[in-house]
A.B. asks: 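Got a structure for you, written out below as structure tokens; questions coming shortly.
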Protein chains: 2
Amino acid sequence: MQDILFNFMAKYISLTEEEKNVIISLDIFRSLKKGTVLLKEGQKSQDNYFVLKGCIRKYYIIDGEEKTTAFYTELEALTPHCVTSNMPSEYYVNCIEDSILVVADSSMGVEVNSKFPKFDIMCRMLSEELLAKQQIDFDEFKTSSPEQRYLNLLQKRPDLIQRVPQHQLASYLGIKPQSLSRLRARIVGKKS
Amino acid sequence: MQDILFNFMAKYISLTEEEKNVIISLDIFRSLKKGTVLLKEGQKSQDNYFVLKGCIRKYYIIDGEEKTTAFYTELEALTPHCVTSNMPSEYYVNCIEDSILVVADSSMGVEVNSKFPKFDIMCRMLSEELLAKQQIDFDEFKTSSPEQRYLNLLQKRPDLIQRVPQHQLASYLGIKPQSLSRLRARIVGKKS
DNA sequence: CACATTTCTTAACTTAAGTGAACGAATTAT
DNA sequence: ATAATTCGTTCACTTAAGTTAAGAAATGTG
């Protein structure tokens, strides 16, 4: 299980056995059941998440309606906004599958960082990589129609369409569930 | 002129006179006329931009049409994707006003970073700050209608609506210029 | 297993955005 | 200064998304 994490980290930095042991001793691996809510609106938290297995989801509740804006699957990380801003969270995070996560408090980050400056380097690389990806995704979203966004997702993340409920996918695509249903029917019609 | 940059940097790190002189000696200040194209699709570049005065704009050309996805004004920074990916640029960048920019090649960054580790710290802070902001913006975009996005922009960046041409604003909001015109007329009608 | 709840789809209708075209206003170029 | 673009708005029409409602399918629970 830990190996998934270490293999991932190996892409950025090299780790000694000793360093790996320090990480293991932190006891940061968590097995969570589908539906578990990790973060709620209004809550303050310092927890960062890294998905080893499963899927977590970020969503807002606006006018009583859930609006899903992101999914995080294997090898993806989420640092909730409230962690960096030190403000109450604007959104919720839950598990939409049984999942195994690394849950690391910011204080652990500080501790590990002070022992191993490598960590800082890795975090910076990750943050820059994520920012670049995020900007491209946003640009694509802005410049395409709901239908194009759906087809694009079908190309890039076909797994998401399989494992995620339609109504959550819909708001992820910026539309209503009924529109997603219709849009899919339209696409099937076009193919023939 | 340089003071604008130093005051901005002072929010993140403290600078000695010596360090300031090193920065000035790099000769990174550029005065550019409205319309100047800084980066073209297909081009490789290592230049980062920081706006001291004026406004620059990022846009794609898709099916012969310009699609504007971002504006950068006073004290905002743009690191084009091609800089970090080392690939040809997917988009264009130009000045939409007479502007004064800091244009810094990545090699300068490396040089400065090695002399002053502070810089690295500032860059990391900036990148994390930007990522957080970007994620919130994307979430807001996904969860709101074109009209709400326009009203939201009117609140948060009223200056942009004044200084930016309507057809560029339209694609920034994810719609066509005609739709923006109509939407504005609709809002004016509602007020009374 | 049966019941309750949630989720997905379909349909009819409403509202808003996309499209193509026209026209005056504003800006830019000569 | 005048001509030439480019830009912003309006209009009529088309297409697609939002809304409300209903029913079928899937999922979860006692």
Side-chain angles (χ1 to χ4, degrees), chain A residues 32-37 55 57 59 61-68 71 92 94-98 141-154 160-190, chain B residues 32-37 54-55 57 59-68 71 92 94-98 141-154 160-190:
Chain A
L32 296 156
K33 284 215 306 203
K34 178 172 176 175
T36 309
V37 177
C55 182
R57 159 189 164 242
Y59 61 103
I61 296 186
I62 299 174
D63 300 329
E65 262 190 286
E66 283 190 9
K67 304 266 191 176
T68 301
F71 299 102
Y92 297 77
N94 78 359
C95 297
I96 61 168
E97 297 175 357
D98 291 346
F141 194 95
K142 272 187 184 168
T143 58
S144 54
S145 66
E147 183 169 328
Q148 289 173 312
R149 297 199 283 256
Y150 176 78
L151 291 169
N152 192 31
L153 193 67
L154 209 53
L160 267 194
I161 293 174
Q162 297 308 316
R163 67 204 286 193
V164 160
Q166 297 294 310
H167 67 284
Q168 293 173 9
L169 255 191
S171 53
Y172 182 69
L173 294 169
I175 56 176
K176 303 280 159 179
Q178 298 93 318
S179 297
L180 178 54
S181 263
R182 179 168 40 200
L183 179 160
R184 294 176 58 161
R186 203 161 63 217
I187 289 169
V188 172
K190 277 185 190 168
Chain B
L32 296 156
K33 285 215 304 204
K34 178 173 175 173
T36 309
V37 176
C55 182
R57 158 192 167 242
Y59 60 104
Y60 294 75
I61 297 186
I62 299 172
D63 300 329
E65 261 190 286
E66 282 189 9
K67 304 265 192 177
T68 300
F71 300 103
Y92 296 77
N94 78 357
C95 297
I96 61 168
E97 296 174 358
D98 292 346
F141 195 94
K142 272 188 184 168
T143 57
S144 54
S145 66
E147 183 170 326
Q148 288 173 313
R149 297 201 282 257
Y150 176 78
L151 291 169
N152 191 32
L153 194 67
L154 207 54
L160 267 193
I161 293 173
Q162 297 308 316
R163 68 205 284 194
V164 160
Q166 296 295 310
H167 66 286
Q168 292 173 9
L169 255 192
S171 53
Y172 181 70
L173 294 170
I175 56 176
K176 304 279 158 180
Q178 298 94 317
S179 297
L180 179 54
S181 264
R182 179 169 39 195
L183 178 160
R184 294 175 56 152
R186 203 162 61 216
I187 290 170
V188 173
K190 279 185 192 169

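Not measured: the values here are computed from a predicted model. Lettering follows sequence order; numbering is per chain, from 1.
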A.B. asks: Mind calculating the distance between CD1 (B:I175) and C1' (D:dG8) to the nearest angstrom?
C.D. replies: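 Value for this atom pair: 13 Å.
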A.B. asks: Hey, is the side chain of A:R186 poking within less than 4.0 Å of OP1 or OP2 on D:dT15, counting only N and O atoms?
C.D. replies: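 Negative; the distance criterion is not met.
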A.B. asks: Once you round it to whole Å, what is the distance between P of D:dT15 and CD of A:E147?
C.D. replies: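 To the nearest whole Å, that distance equals 13 Å.
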A.B. asks: Using heavy atoms to find the nearest nucleotide of DNA chain D for A:L183 and B:S179 separately, return the residue whose nucleotide is more 5′.
C.D. replies: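 Here B:S179 is the residue nearer the 5' end.
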A.B. asks: May I have the distance from B:I187 (atom CD1) to C:dT15 (atom P), rounded to whole angstrom?
C.D. replies: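 It works out to 17 Å between those atoms.
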A.B. asks: When the nearest nucleotide of DNA chain D is assigned to A:Q178 and to A:P146 on a heavy-atom basis, which residue is associated with the more 5' position?
C.D. replies: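 Its nearest nucleotide being more 5', the pick is A:P146.
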A.B. asks: Any N or O donor-acceptor pair linking the side chain of B:R182 to the base of C:dG18 at under 3.5 Å?
C.D. replies: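 Answer yes: a donor N or O sits under 3.5 Å from an acceptor.
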A.B. asks: By nearest heavy atom, map B:K176 and A:L180 onto DNA chain C; which one lands nearer the 5' end?
C.D. replies: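 The residue whose closest nucleotide sits nearer the 5' end is A:L180.
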A.B. asks: Does B:T36 offer a backbone N or O that forms a donor-acceptor pair with the side chain of B:N94 under 3.5 Å?
C.D. replies: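 No: the side chain of B:N94 does not pair with the backbone of B:T36.
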A.B. asks: Under a 4.5 Å cut-off applied to non-hydrogen side-chain atoms, are B:Q166 and B:P177 in contact?
C.D. replies: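 Result no, sub-4.5 Å side-chain heavy-atom pair not found.
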A.B. asks: In this structure, how many angstroms lie between the C1' atom of D:dT10 and the CD atom of B:Q166, rounded?
C.D. replies: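 To the nearest whole Å, that distance equals 14 Å.
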A.B. asks: Provide, to the nearest angstrom, the distance between the CZ atom belonging to B:R163 and the C1' atom belonging to D:dG8.
C.D. replies: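 Rounded to the whole Å, the gap is 20 Å.
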A.B. asks: Which whole-number value in Å describes the distance from A:H167 NE2 to D:dA26 P?
C.D. replies: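 My rounded result for the distance is 16 Å.
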A.B. asks: Can you find a heavy atom in the side chain of A:I187 that is under 4.5 Å from one in the side chain of A:L154?
C.D. replies: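 Contact flag for A:I187/A:L154 side chains = no.
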A.B. asks: Under the 3.5 Å rule, do the base of D:dG8 and the side chain of B:R184 count as making a donor-acceptor pair?
C.D. replies: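 Such a pair does not exist between side chain and base.
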A.B. asks: Is there a side-chain contact between B:I175 and B:Y150 (heavy atoms, below 4.5 Å)?
C.D. replies: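 B:I175 does not reach B:Y150 side chain to side chain.
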A.B. asks: Would you mind telling me which of D:dT19, C:dT7, D:dT10 lies closest to the side-chain atoms of B:A185?
C.D. replies: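 The closest nucleotide is D:dT10.
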A.B. asks: Check the distance between D:dC7's C1' and B:I96's CD1 and give it to me in whole angstrom.
C.D. replies: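 Distance check: B:I96 CD1 to D:dC7 C1' gives 14 Å.
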A.B. asks: Side chain of A:K34 only, heavy atoms from C-beta on: which candidate in D:dG28, D:dG18, C:dT9 is closest?
C.D. replies: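 The answer is D:dG28, which lies nearest to the side chain.
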A.B. asks: Decide yes or no for A:H167 and A:E65: does some side-chain heavy atom of the first lie under 4.5 Å from some side-chain heavy atom of the second?
C.D. replies: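 When only atoms from C-beta onward are counted, A:E65 and A:H167 do not touch, as no gap falls below 4.5 Å.
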A.B. asks: Find the distance B:D98:CG to C:dT28:C1' and express it as a whole number of Å.
C.D. replies: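 To the nearest whole Å, that distance equals 14 Å.
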